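Take a look at the structure below.
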Amino acid sequence: YRMFAIYYIAKGNKAKTFEFLYKGYRLAAEIGNKSLQANLVEKLFSEYQKLHEPDSALKYHILLKSLETELNSSETQRELARIELTAKFREREQLRELEQKKTETRYLLVGLGLLVTVSILGLLFLLSNNRLKRIRLQKDVIDLESKNLSLEKSALQKELEMRNKELTTNVMYLVQKNEYLTEIAEQLKSIKQ
């Protein structure tokens with residue numbers, strides 16, 4: 001209807017123009033489209049002004065201002081609602097980010113705790129391994145010392161046996177020597193006589 005009204009404004013047919021403007025306005029009012037109502041009322045105001053009918057023009061001008069006020073009010077309410085929703089969204093986003101940071105901090109603390117625990121367990125393991133190695137080395141040293149002592153003992157026993165044999169040999173030599181000397185002395189005594 002608005003487009004037909006615009007067409008008839010261009011053609012200069014005032015009766016058809018008003019007919020379609022009124023039909024369009026009624027239809028826009030039925031469906032509740034305030035911006036379309038304001039557009040049609042503005043055209044009615046403009047047409048009555050061209051016809052030099054100030055009463056009708058004033059009537060539609062007042063209606064136009066009322067519709068513009070409603071539109072501005074509804075736009076303001078929409079803007080306020082949008083701002084409020086944006087603020088709520090930002091607040092939720094900040095809360096979500098805080099929760100995420102808390103969660104990340106918890107994970108970090110748990111990870112650090114696990115890392116410290118694993119490090120301590122690793123150090124304890126290394127210390128116990130070192131202690132075991134040290135004990136094994138001490139045992140090996142003691143074993144080697146005992147083997148060394150047993151070898152020294154056996155070497156001393158062999159040396160003792162060898163010296164005993166030497167001593168026995170020397171004693172036997174001396175005994176034989178004494179026997180020879182005694183025999184020689186007896187032979188000398190017998191020769192002397």
Side-chain angles (χ1 to χ4, degrees), residues 28-39 66-193:
E30 280 180 29
I31 62 173
N33 189 337
K34 298 286 184 193
S35 63
L36 186 58
Q37 283 177 338
N39 187 281
S66 166
L67 286 169
E68 284 177 350
T69 303
E70 284 181 37
L71 280 172
N72 286 340
S73 171
S74 66
E75 274 186 40
T76 304
Q77 288 176 353
R78 269 191 245 124
E79 184 64 23
L80 285 173
R82 186 188 64 79
I83 290 170
E84 187 177 328
L85 286 174
T86 304
K88 284 181 181 178
F89 175 76
R90 284 182 184 154
E91 185 178 324
R92 286 184 192 144
E93 190 66 23
Q94 287 174 347
L95 286 174
R96 188 188 61 76
E97 286 175 3
L98 284 173
E99 286 298 319
Q100 185 176 2
K101 284 182 182 179
K102 283 181 184 177
T103 305
E104 288 174 0
T105 305
R106 284 185 200 134
Y107 287 146
L108 181 65
L109 289 175
V110 168
L112 286 174
L114 288 174
L115 181 65
V116 167
T117 303
V118 167
S119 299
I120 289 172
L121 290 175
L123 288 173
L124 289 174
F125 178 75
L126 288 174
L127 287 173
S128 65
N129 273 349
N130 285 340
R131 180 181 284 164
L132 286 174
K133 285 180 184 178
R134 202 172 336 120
I135 290 171
R136 283 185 200 137
L137 285 174
Q138 286 175 350
K139 183 183 176 200
D140 289 345
V141 166
I142 290 171
D143 288 345
L144 287 174
E145 285 176 355
S146 69
K147 284 181 183 178
N148 191 17
L149 285 175
S150 66
L151 286 174
E152 283 181 19
K153 182 180 175 184
S154 66
L156 287 173
Q157 282 177 348
K158 284 181 183 177
E159 188 178 331
L160 183 63
E161 284 176 17
M162 195 164 72
R163 292 224 175 149
N164 279 340
K165 284 181 184 178
E166 277 180 19
L167 187 61
T168 305
T169 306
N170 282 340
V171 167
M172 285 178 69
Y173 172 72
L174 287 175
V175 168
Q176 280 180 355
K177 189 177 170 184
N178 279 341
E179 284 178 7
Y180 284 132
L181 286 175
T182 307
E183 204 177 294
I184 290 175
E186 284 179 17
Q187 281 178 5
L188 282 175
K189 278 184 191 179
S190 68
I191 294 178
K192 187 178 182 185
Q193 291 177 356

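What you see is a predicted model; the values in this text were computed from it and never measured. Atoms considered below: every heavy atom in the structure, side chains included; atoms not considered: hydrogens, waters and symmetry mates.
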- Shortest non-hydrogen contact between A38 and L71, atoms and distance: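 Scanning both residues completely, I find the closest heavy atoms to be CB-CD1, 4.0 Å.
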Euclidean distance, [Y] [atom2] relative to [X] [atom1], rounded to 0.5 Å:
{"X": "R90", "Y": "E97", "atom1": "CZ", "atom2": "CD", "answer": "12.0 Å"}
{"X": "L137", "Y": "L132", "atom1": "CG", "atom2": "CG", "answer": "11.0 Å"}
{"X": "I120", "Y": "L127", "atom1": "CD1", "atom2": "CG", "answer": "11.5 Å"}
{"X": "Q94", "Y": "E91", "atom1": "CD", "atom2": "CD", "answer": "7.5 Å"}
{"X": "E183", "Y": "Y180", "atom1": "CD", "atom2": "OH", "answer": "7.5 Å"}
{"X": "I184", "Y": "N178", "atom1": "CD1", "atom2": "CG", "answer": "11.0 Å"}

- Message: Using the side-chain contact (heavy atoms from CB on, under 4.5 Å) criterion, which residues pair with N39? Sequence neighbours excluded.
- Response: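 N39 satisfies side-chain contact (heavy atoms from CB on, under 4.5 Å) with R2, K43 only.
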- What residues, two or more places apart in sequence or in another chain, satisfy side chain to side chain donor-acceptor pair (under 3.5 Å) together with K88?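 Result, side chain to side chain donor-acceptor pair (under 3.5 Å) vs K88: E84.
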- Mind checking what makes side chain to side chain donor-acceptor pair (under 3.5 Å) contact with R96, not counting sequence neighbours?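 R96 satisfies side chain to side chain donor-acceptor pair (under 3.5 Å) with E93, Q100 once adjacent residues are dropped.
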- Task: Give the intermediate values and the outcome of side-chain contact (heavy atoms from CB on, under 4.5 Å) for residues E186 and T182.
- Result: CA-CA 6 Å; E186 284 179 17; T182 307; 3.7 Å; yes
- CA sep, side-chain torsions, deciding dist, call: V110, L114, side-chain contact (heavy atoms from CB on, under 4.5 Å): CA-CA 6 Å; V110 168; L114 288 174; 4.2 Å; yes
- Item | Min side-chain heavy-atom separation Y107-T103 under 4.5 Å |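 With C-beta onward as the side chain, the pair touches.
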- Message: Are the side chains of D143 and K139 in contact, using a 4.5 Å heavy-atom criterion?
- Response: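 Yes; the side chains approach each other to less than 4.5 Å.
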- Salt bridge between E159 and R163, side-chain N to carboxylate O under 4.0 Å?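 A salt bridge is present here (some side-chain N lies under 4.0 Å from a carboxylate O).
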- Task: List the steps, then state whether salt bridge (Lys or Arg N to Asp or Glu O under 4.0 Å) holds for E79 with R82.
- Result: CA-CA 5 Å; E79 184 64 23; R82 186 188 64 79; 2.3 Å; yes
